[in-house]
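Step one of this worksheet: look at the structure below.
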Amino acid sequence: MVELKTPGEIEAMAAAGAVVARALAATQDAARPGVRLTELDQLAREVLREAGASSPFLGYQPSFAHSPYPGVLCLSVNDAVLHGIPDDYQLRDGDLLSVDCGATLDGWTGDAAISFCVGHTSAADARLLERTEAALRAGIAAAQPGARLGDISAAIGRVAREAGYGLHTDFGGHGVGRTMHESPAVPNDGRPGRGMRLEPGLTLAIEPWFVAGGRDAYRIDSDGWTIRSSDGSRGAHFEHTVAITGEGPQVLTVE
Ligand code: CO
């Protein structure tokens with residue numbers, strides 16, 4: 001069942017989204033060489049606590065995981081792209097860090113992710129980051145009332161293929177609202193003109209993740225969470241929570 005939200009509910013989701021945006025900005029600010037991933041997770045916990053928000057990540061245990069998620073951030077370094085668990089790893093200059101964060105405020109959830117390099121950014125990483133963020137923009141631009149779900153998926157997949165990056169339709173976007181994961185699934189590739197019609201009130205997390213090596217395969221660490229490229233190449237992940245309104249897409253995970 002897909003639940004459409006009222007304008008008032010979308011406003012409440014934007015308040016949760018603003019907390020997510022604040023936590024991501026604080027994390028990026030603090031992510032310097034020598035900083036431990038656990039310190040970044042602690043910082044995000046404080047941002048959520050000060051805002052009176054809780055974490056939809058902490059303790060989350062979907063069917064694919066064999067243990068509850070232990071952090072409020074996913075921190076994925078270099079060839080890790082999704083669901084990296086914050087541990088005592090110390091960031092190094094040139095590391096590519098993907099940060100995924102959620103917040104629940106007054107019963108409504110926002111979910112967003114950014115990727116960036118710590119310190120120096122290589123030309124190859126700059127291109128990967130730019131193209132993955134461009135795919136998020138293209139997905140959002142396709143999230144128009146009257147369009148179809150497949151239009152979002154196709155817009156994302158096209159950017160990956162044109163850039164020659166690896167693309168996976170597992171762990172794509174999703175409905176979001178009262179909980180972090182709702183219907184519908186928003187795969188990161190698909191056919192335009194197919195799938196459910198996008199109506200005002202539909203709220204989606206759109207989240208492309210690409211790996212630089214062109215191979216469409218990934219592996220999961222023995223921790224049951226961390227998702228890495230199968231070829232050791234670096235990956236990037238960008239995500240926003242977006243509402244479809246009568247006037248077009250509205251990004252909710254902004255300050
Ligand atoms: Co998400």
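When a ligand or atom number is given, it counts from 1 through the structure's own listing order.
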Practice task
Starting from the Co ion (ligand 1), look over the N/O/S atoms of D111 and name the nearest one.
Solution key: OD2

Fill in the blank from the handout: Vertex the Co ion (ligand 1), ends E207/OE2 and E239/OE2: angle to nearest 10° comes to 90°

Handout entry: R158 and E162 ion-paired at < 4.0 Å
Key = yes

Problem - Distance (rounded to the nearest 0.5 Å) between D95 CG and L75 CG - result: 11.5 Å

Handout entry: Aromatic ring pairing W209/H168, orientation class (parallel under 30°, perpendicular over 60°, tilted between)
Key = parallel

Problem - Contact flag H174/the Co ion (ligand 1), N/O/S atoms, threshold under 2.8 Å - result: yes

Practice task
Look at the rings of F64 and W225 and say which category their plane angle falls in: under 30° parallel, 30 to 60° tilted, over 60° perpendicular.
Solution key: perpendicular

